[in-house]
Amino acid sequence: MKLIAYNVRDDEIPFVKAWGEKNNVEVSYSIDTLNAETVKQAQGYDGISGLQTIPYDEALFSEMKEMGISMLALRNVGLDNVDLTAAKKAGIVVTNVPAYSPASIAEFAVTLALAVNRKVGYMYHQLHELGEFHFSPDFMGQLISNQTVGVVGTGRIGREAIRMFTGLGAKVIAYSQSHLDDSDLNFTYVDSLEELLDQADVIDLHIPGVPENEHLFDEKAFKHMKSSAILINTARGSIVDTQALICALEEGEIAGAGIDTLENESADLQNSRSTAQVTDSNVLKLAKMPNVIVTPHSAFHTDEAVMNMVNISFNNLKQQLTGGEVDNLAK
Ligand code: COI
């Protein structure tokens with residue numbers, strides 16, 4: 001069995017090599033994004049591991065079929081960028097890693113919420129943009145323990161976020177399509193997103209990037225939010241209409257944002273060796289705002305997550321290619 005992983009960052013390489021040695025399987029890696037062209041590097045391999053937010057499209061899956069490669073094992077959770085219909089048509093098995101470390105993403109959402117609430121962006125702006133270093137009225141923050149946090153989505157990551165926010169003393173409300181019946185977490189469900197928008201000081205998103213959630217946060221949603229509220233998005237860029245977000249921030253309709261995921265993320269975002277300058281005008285606009293912290297889709301990025309992403313993805317490939325029962329088939 002020969003396996004190859006695409007879009008591999010330098011911090012993943014030791015885990016990739018260690019898995020190969022432990023399992024006595026030949027594994028290689030490429031720093032390239034996976035597409036119908038780059039997949040040609042996988043000639044002679046049996047399965048592919050991938051990690052990207054740009055599309056895995058029909059052309060890729062037809063090429064894999066032509067090359068006799070039957071499986072793509074993602075190293076991440078989100079399936080929104082996978083044309084599963086095309087994969088099925090080409091007979092390609094797809095797996096993901098549903099729970100590599102929900103706490104890693106939740107903890108980063110909390111980090112962004114605290115940093116925005118405590119005006120870290122204003123302090124950075126003063127030092128790095130103005131070259132000054134002194135107190136300012138702009139630095140007066142809010143205590144999370146005096147606030148209501150509205151968590152949207154109560155799946156694995158949302159539940160971790162609720163646990164962390166309540167641990168910090170916040171009152172937590174949540175909105176979700178499906179409710180947990182037996183949770184020992186200390187929060188209450190609200191009946192509608194509008195209700196959550198009306199009440200929350202911090203709005204924290206943990207829902208998938210499925211078509212139903214596209215632009216759930218649009219001009220109307222921002223008008224519903226308190227002018228003192230902040231939005232945290234470590235989920236998927238497509239959930240938030242970026243133009244509407246920028247407008248709401250410019251007009252003072254909301255007080256700030258922590259944005260780890262953006263619409264139209266580029267292949268370059270996932271190239272850890274890139275030295276390219278930012279050209280995305282939305283990223284440039286958000287980066288200039290002291291009340292916004294914008295980060296490159298990195299909420300997942302902890303040592304625990306990276307190890308699990310690599311190991312579980314390769315385990316899935318091994319299960320399939322040795323005729324075993326496969327965990328984590330994409331649905
Ligand atoms: C996911 O696991 O879906 C993420 O958002 C992580 C990212 C590296 C693609």
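All values derive from a computational prediction rather than experimental measurement.
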Does [atom1] in [X] sit with more than 12 non-hydrogen atoms of other residues, nucleotides or ligands closer than 6.0 Å?
X    : atom1 : result
K226 : NZ    : yes
K171 : NZ    : no
E195 : CD    : yes
N186 : CG    : no
E194 : CD    : yes
K88  : NZ    : no
E132 : CD    : yes

For residues [X] and [Y], determine if any side-chain heavy atom of one lies less than 4.5 Å from a side-chain heavy atom of the other.
X    : Y    : value
D10  : R273 : yes
K285 : L249 : no
T234 : H206 : yes
L245 : I254 : yes
M225 : E253 : no
I157 : F300 : no
V240 : F222 : yes
T38  : T33  : no

>> In terms of relative ring orientation, are W19 and F314 parallel, tilted or perpendicular, with 30° and 60° separating the classes?
In response: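 Because their plane-to-plane angle is under 30°, the rings of W19 and F314 count as parallel.
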
> Got a sec, which residues hit ring-ring contact (aromatic ring centres under 6.0 Å, His included) with F187, two or more places apart in sequence or on another chain?
Replying inline: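 F187: ring-ring contact (aromatic ring centres under 6.0 Å, His included) contacts with Y189.
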
> With sequence neighbours excluded, what pairs up with F61 under the ring-ring contact (aromatic ring centres under 6.0 Å, His included) test?
Replying inline: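 Residues passing ring-ring contact (aromatic ring centres under 6.0 Å, His included) with F61: none at all.
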
> Could you walk me through whether T95 and D327 pass the side-chain contact (heavy atoms from CB on, under 4.5 Å) check?
Replying inline: CA-CA 8 Å; T95 55; D327 293 330; over 6 Å; no

Using distance alone, with no hydrogens and no angle criterion, decide if [X] and [Y] have a side-chain donor and acceptor under 3.5 Å apart.
X    : Y    : value
Y45  : S28  : yes
T295 : D260 : yes
S274 : D268 : yes
Q142 : D201 : no
N282 : E263 : no
S313 : N316 : no
Q52  : N76  : no

When rounded to the nearest 0.5 angstrom, what distance separates [atom1] in [X] from [atom2] in [Y]?
X    : Y    : atom1 : atom2 : result
E219 : D241 : CD    : CG    : 8.0 Å
Y175 : D191 : OH    : CG    : 9.0 Å
D218 : I239 : CG    : CD1   : 13.0 Å
I144 : N117 : CD1   : CG    : 5.0 Å
L114 : M164 : CG    : CE    : 11.5 Å
I259 : M289 : CD1   : CE    : 10.5 Å

Is it the case that one hydrophobic cluster holds both [X] and [Y], taking links as side-chain heavy atoms less than 4.5 Å apart, direct or via other members?
X    : Y    : value
L180 : F165 : yes
V110 : V151 : yes
M67  : V94  : yes
M1   : Y29  : yes
V93  : L3   : yes

Search all heavy atoms of [X] against all heavy atoms of [Y] and return the closest pair with its distance.
X    : Y    : value
L51  : Y56  : N-OH, 3.2 Å
L143 : Q147 : O-CG, 3.4 Å
E304 : S101 : OE2-OG, 2.8 Å
A221 : L216 : CB-O, 3.7 Å
I162 : A174 : CD1-CB, 4.3 Å
V82  : L74  : CG2-CD1, 3.9 Å

[X] bridged to [Y] by N-O distance under 4.0 Å:
X   : Y   : answer
E12 : R75 : yes
D11 : R9  : yes
K89 : E58 : yes

> So among N81, D80, T53, T261, which one has a side-chain hydrogen bond (donor to acceptor under 3.5 Å, both in side chains) with R236?
Replying inline: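 Exactly one pass, corresponding to D80.
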
N/O donor-acceptor pair under 3.5 Å between [X] side chain and [Y] backbone:
X    : Y    : result
N7   : G50  : no
N328 : V97  : no
T85  : D83  : no
E265 : L262 : yes

> Checking side-chain contact (heavy atoms from CB on, under 4.5 Å) for the pair L193/F217: CA distance, chi angles, key distance, verdict?
Replying inline: CA-CA 10 Å; L193 182 62; F217 280 72; 4.2 Å; yes

>> As a quick check of understanding, evaluate side-chain contact (heavy atoms from CB on, under 4.5 Å) for V210 and N213, giving each step before the final call.
In response: CA-CA 6 Å; V210 292; N213 292 337; 3.5 Å; yes

> Checking side-chain contact (heavy atoms from CB on, under 4.5 Å) for the pair S70/L321: CA distance, chi angles, key distance, verdict?
Replying inline: CA-CA 9 Å; S70 62; L321 297 170; 4.0 Å; yes

>> Checking F139 now: which residues fulfil side chain to side chain contact (heavy atoms under 4.5 Å, CB included) with it, not counting sequence neighbours?
In response: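 Y122, M123, Q126, S136.
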
>> Using the side chain to side chain contact (heavy atoms under 4.5 Å, CB included) definition, which of the options T111, L112, L205, I293 pairs with I232?
In response: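 By the side chain to side chain contact (heavy atoms under 4.5 Å, CB included) criterion, I232 pairs with just one of T111, L112, L205, I293: L112.
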
